[in-house]
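Each remark here refers to the structure printed beneath this line.
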Amino acid sequence: MAFRIFNTMSRTKEELIPLDGEHVRMYTCGPTVYNYAHIGNFRAYMFEDLLRRYIKFCGFKVTQVQNLTDVDDKTIRSSIQQGLPLKEYTKTYIDAFFEDLAKLNIEPAEHYPAATDYIDEMIQLIGTLFDKGYAYKSDDGSVYFSIDKFSEYGKLAHLDREGMQAGARVAQDEYDKENAADFALWKAYVPEDGDVVWDSPWGRGRPGWHIECSAMSMKLLGESFDIHTGGVDNIFPHHEDEIAQSEAATGKPYSRYWMHCGYLVVDGRKMSKSLGNFYTLREILDMGYTGREVRYELLSSHYRQSLNFAFKSLDANRAALKRLDEFYASLVEAAENNDVAGELPAWASETRKRFADAMDDDMNISGAMAAVFDTVHAGNKAMSDSPVSSREARAVLDLWSELDRVLGILIPQEEAIPSRVFDLLEDRKKARAEKNWAESDRIRDALAECGWTVKDTPVGPKLRKL
RNA sequence: GGUGCGGUAGCCAAGCGGUUAGGCAGUGGAUUGCAAAUCCAUCUAGAUCGGUUCGACUCCGAUCCGCACCUCCA
C-alpha cells in the first residue's frame, strides 16, 4: 500500500515519499485577502485539506504552510478606496477566511504567513538572484527575473519559449524588459501604491507576486520540500516563476511534487461576477445550506476534475448525508455506550482496505465514498435482519472515526434534545398508547416546528433533527 | 495557433478488455395507525464513425461537441 499522487511536473502518478522519509512538508497557495473568498477558492483549499488529512492517515507527519497574500494591486487599491491602512483592511478578510475554513471543517495548517511579514526574506532572495546574475533592474526602477538565464524555464507548464510569443495577452507589454515574459521580482513605487511601500537596495517599492511564495516556503519548509499545490491556473505563470526564482537562487530542487486541482464551474460555466454565478461561502450558508453540505459537494468530485457546482447537487448531498447520519445513529444506539470495541462485523471488514486502496490511487474519492456507502448498505441490511452486538457497533464506530479523520463529513454534530421537545415526545407516547392518532399527529407537527422529526420503531420512538 | 482535460444512464460521478461501482431522483412491494427510516425488486449507460480482439464503455485512429491555461485568476 502506497499513496500515489499525480505530479504535474512528471504528468504521472508517483508514490509519495517524503524527503526525510516520515514528514511531509507542503506549501499550499492561499488566498489574496482583498475580499471574501469564493467557493472556487475553497475548492482548492478543500483539496488541500483532503490531501493533508490523507497524508496523515498514511502515517506521515505533515507541516503545511498556507500563505496569505495581503499585498497586491487589488488589495492596495481597495484599501486606499476605503481609507484604511493595508493591515487593517486585510484583517477583515483574513478573519473571514478563518471563519469560513472552520465552517467547512478544514483543518488548520501549521503556518499562515502573511506576505507583508516576510518582506526582508524576499529582499534577501532577490539580492541572491542579483548576485547570481538572474535579476536585473529596469529603467522604471523595477527588478525583473530574466527567464533566458534559467534554461529550465517552462518545465512545469511544458511551455516552450518559442510557443510563448503566441500568447494572447503578451503583446500589450510594458517597460523595458529584456524578454516580454520576464516577471517582476520587485515593483518600483508608483503613487497609486499610497503608503504601501518598503525600502530595498533597488529603491522604494513592493515585492512582485511570485517572490512571496518562494521566500516564505523556503523560510518555513526549507529550500527543498515535498509538495506544492494550487489550482491549475497557478501552474503558469505563478508556479513556473516560483520554480525559476527559487531554484536559480539555491541551485537546489524546489518542490518535489506539484499538485493542482481543477476549476470549479457553476452550472457548467466559469464563475464570474458578470454572469451572476459568483458565490462566496457565506452567501451559500445564508441560503440555508450547511458547511457540511458544501464540504460534501467540494469533496465529492476528484480533485483534478473540474467540479460543477450546482444547488441541486447540494440538495442531493443533504439526502446523502441524512443517509449517513441515519446509519451513524443506528450504530450509536447499538453500541449502548459500550467503550470496548470487538471485532468488526463481516460487512465492515473490507471497508478500510477498500477506502485506502481508492485513496491511495491519487485520492480517488469516488471509490472511497463507494466503500463507505456499500458499508452503510450492508450494515443496514445486516442490522435489519438481526441486531449487531454493542462491541461490534463500537468497532464500526471506531472505524467511522478513523475514516472521518480523512473525510470530515461522516460524523454528525451531536444535538442536545431541548426539554420542550422531550416533553412533547412523552406526550406523544401517551397519545399513541391510547391510540389517539389525531393527537399523536398534532404533536408530530409541533415537533417539526421545533425542528425535530420523530420516527416510530418497534423499539419505540426515535428523534431526529430535521 | 500552442498546451492540457473531458464527453458514462433523469441528474452527479468512478473503476475496469469479459463479472452490480457509488450517491441523488423514479417505479412496485415489505414494514408502519399514518408517516419516517430501512429492506427487497426494478427502469433508464458509455458523443459519433472506423480499427484491433474470441470479446471494448475500457486499447488505437478519425470526427463532432464542451472546458481550461498560454503573465499576476484557486
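Model, not experiment: these values are computed from the prediction. Here is how names work: the chains are called A, B, and so on, in the same order as the sequence lines, proteins then strands, and each is numbered from 1.
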Between [X] ([atom1]) and [N] ([atom2]), how many Å, whole number?
{"X": "A:His158", "N": "B:rG2", "atom1": "NE2", "atom2": "C1'", "answer": "14 Å"}
{"X": "A:Glu439", "N": "B:rA35", "atom1": "CD", "atom2": "P", "answer": "20 Å"}
{"X": "A:Asp456", "N": "B:rA36", "atom1": "CG", "atom2": "P", "answer": "12 Å"}
{"X": "A:Lys455", "N": "B:rU38", "atom1": "NZ", "atom2": "P", "answer": "7 Å"}
{"X": "A:Leu324", "N": "B:rU38", "atom1": "CG", "atom2": "P", "answer": "10 Å"}
{"X": "A:Arg206", "N": "B:rC72", "atom1": "CZ", "atom2": "C1'", "answer": "10 Å"}
{"X": "A:Asp441", "N": "B:rC34", "atom1": "CG", "atom2": "C1'", "answer": "6 Å"}
{"X": "A:Asn364", "N": "B:rA14", "atom1": "CG", "atom2": "C1'", "answer": "6 Å"}

Gap in Å between the two [atom1] atoms, one belonging to [N] and one to [M], rounded:
{"N": "B:rA9", "M": "B:rA25", "atom1": "C1'", "answer": "13 Å"}
{"N": "B:rU32", "M": "B:rG23", "atom1": "P", "answer": "26 Å"}
{"N": "B:rG46", "M": "B:rU27", "atom1": "P", "answer": "25 Å"}
{"N": "B:rG1", "M": "B:rU44", "atom1": "P", "answer": "42 Å"}
{"N": "B:rG61", "M": "B:rG29", "atom1": "C1'", "answer": "50 Å"}
{"N": "B:rA21", "M": "B:rA45", "atom1": "P", "answer": "13 Å"}
{"N": "B:rC64", "M": "B:rU53", "atom1": "P", "answer": "27 Å"}

For [N], give the paired nucleotide (Watson-Crick: N1-N3 plus N6-O4 or O6-N4; G-U: N1-O2 and O6-N3; both under 3.5 Å), or none.
{"N": "B:rG15", "value": "none"}
{"N": "B:rG33", "value": "none"}
{"N": "B:rA21", "value": "none"}
{"N": "B:rU52", "value": "none"}
{"N": "B:rA41", "value": "B:rU27"}
{"N": "B:rC69", "value": "B:rG2"}
{"N": "B:rU63", "value": "B:rA47"}
{"N": "B:rA9", "value": "none"}

Just compare [options] and give me whichever is closest to any side-chain atom of [X].
{"X": "A:Asn380", "options": "B:rC24, B:rC73, B:rU38", "result": "B:rU38"}
{"X": "A:Ser440", "options": "B:rG33, B:rG23, B:rC40", "result": "B:rG33"}
{"X": "A:Asp374", "options": "B:rC39, B:rC24, B:rG22", "result": "B:rG22"}
{"X": "A:Ala370", "options": "B:rC39, B:rC24, B:rA21", "result": "B:rA21"}
{"X": "A:Gln305", "options": "B:rC39, B:rC5, B:rG23", "result": "B:rC5"}
{"X": "A:Ala320", "options": "B:rC24, B:rA68, B:rA14", "result": "B:rC24"}

Touch class at under 4.0 angstrom, heavy-atom based, for [X] against every strand present:
{"X": "A:Ser301", "value": "sugar-phosphate"}
{"X": "A:His38", "value": "base"}
{"X": "A:Lys312", "value": "sugar-phosphate"}
{"X": "A:Gly208", "value": "nothing"}
{"X": "A:His260", "value": "nothing"}
{"X": "A:Arg428", "value": "base"}
{"X": "A:Lys187", "value": "base"}
{"X": "A:Ile235", "value": "nothing"}
{"X": "A:Val454", "value": "base"}
{"X": "A:Gly230", "value": "sugar-phosphate"}

Checklist entry - So among A:Asp362, A:Asn7, A:Asp361, which one has a side chain to side chain donor-acceptor pair (under 3.5 Å) with A:Lys13? => result A:Asp361
Next on the checklist: Determine whether the aromatic ring of A:Phe373 stacks with the base of B:rG22, defined as ring centroids separated by less than 5.5 Å and ring planes inclined by less than 30°.
Outcome noted: no
Next on the checklist: Cation-pi check for A:Phe373 against A:Arg323: NZ or CZ below 6.0 Å from the six-membered ring centre and within 45 degrees of the axis, yes or no?
Outcome noted: no
Checklist entry - Cation-pi between A:Lys381 and A:Trp347: NZ/CZ under 6.0 Å from ring centre and within 45° of the ring axis? => result no
Checklist entry - With under 30° as parallel and over 60° as perpendicular, where do the rings of A:Trp258 and A:His260 fit, or are they tilted in between? => result parallel
Item to check | Aromatic ring pairing A:Tyr54/A:Phe57, orientation class (parallel under 30°, perpendicular over 60°, tilted between) | outcome: parallel
[N] base / [X] side chain donor-acceptor hit below 3.5 Å:
{"X": "A:Asn308", "N": "B:rC12", "result": "no"}
{"X": "A:Arg432", "N": "B:rG33", "result": "yes"}
{"X": "A:Arg304", "N": "B:rC5", "result": "no"}
{"X": "A:Ser366", "N": "B:rG23", "result": "no"}
{"X": "A:Asn317", "N": "B:rG23", "result": "no"}
{"X": "A:Arg323", "N": "B:rA37", "result": "no"}

Checklist entry - Quick one: on RNA chain B, does A:Pro237 or A:Lys381 contact a more 5' nucleotide (nearest heavy atom)? => result A:Lys381
Checklist entry - Which residue lies toward the 5' end of RNA chain B, A:Ala378 or A:Arg43, if each is placed at its nearest nucleotide? => result A:Ala378
Next on the checklist: For a side-chain hydrogen bond (donor to acceptor under 3.5 Å, both in side chains) check, start with the C-alpha distance between A:Tyr254 and A:Ser217, then their side-chain angles and the critical distance, and finish with the verdict.
Outcome noted: CA-CA 9 Å; A:Tyr254 184 50; A:Ser217 62; 2.7 Å; yes
Checklist entry - Does A:His239 have its ring centroid less than 6.0 Å away from the ring centroid of A:His210? => result no
Item to check | Presence of A:His377 side-chain N/O under 4.0 Å of B:rC40 phosphate oxygens OP1/OP2 | outcome: yes
Item to check | A:Asp72 vs A:Thr32, side-chain hydrogen bond (donor to acceptor under 3.5 Å, both in side chains): CA-CA, chis, key distance, verdict | outcome: CA-CA 8 Å; A:Asp72 85 321; A:Thr32 304; 5.0 Å; no
Checklist entry - Between A:Glu326 and A:Lys455, is a salt bridge (Lys or Arg N to Asp or Glu O under 4.0 Å) present by the stated rule, with each step listed? => result CA-CA 11 Å; A:Glu326 193 61 37; A:Lys455 311 192 307 176; 2.3 Å; yes
Checklist entry - Has A:Lys322 got more than 12 heavy atoms of other residues, nucleotides or ligands less than 6.0 Å from its NZ? => result no
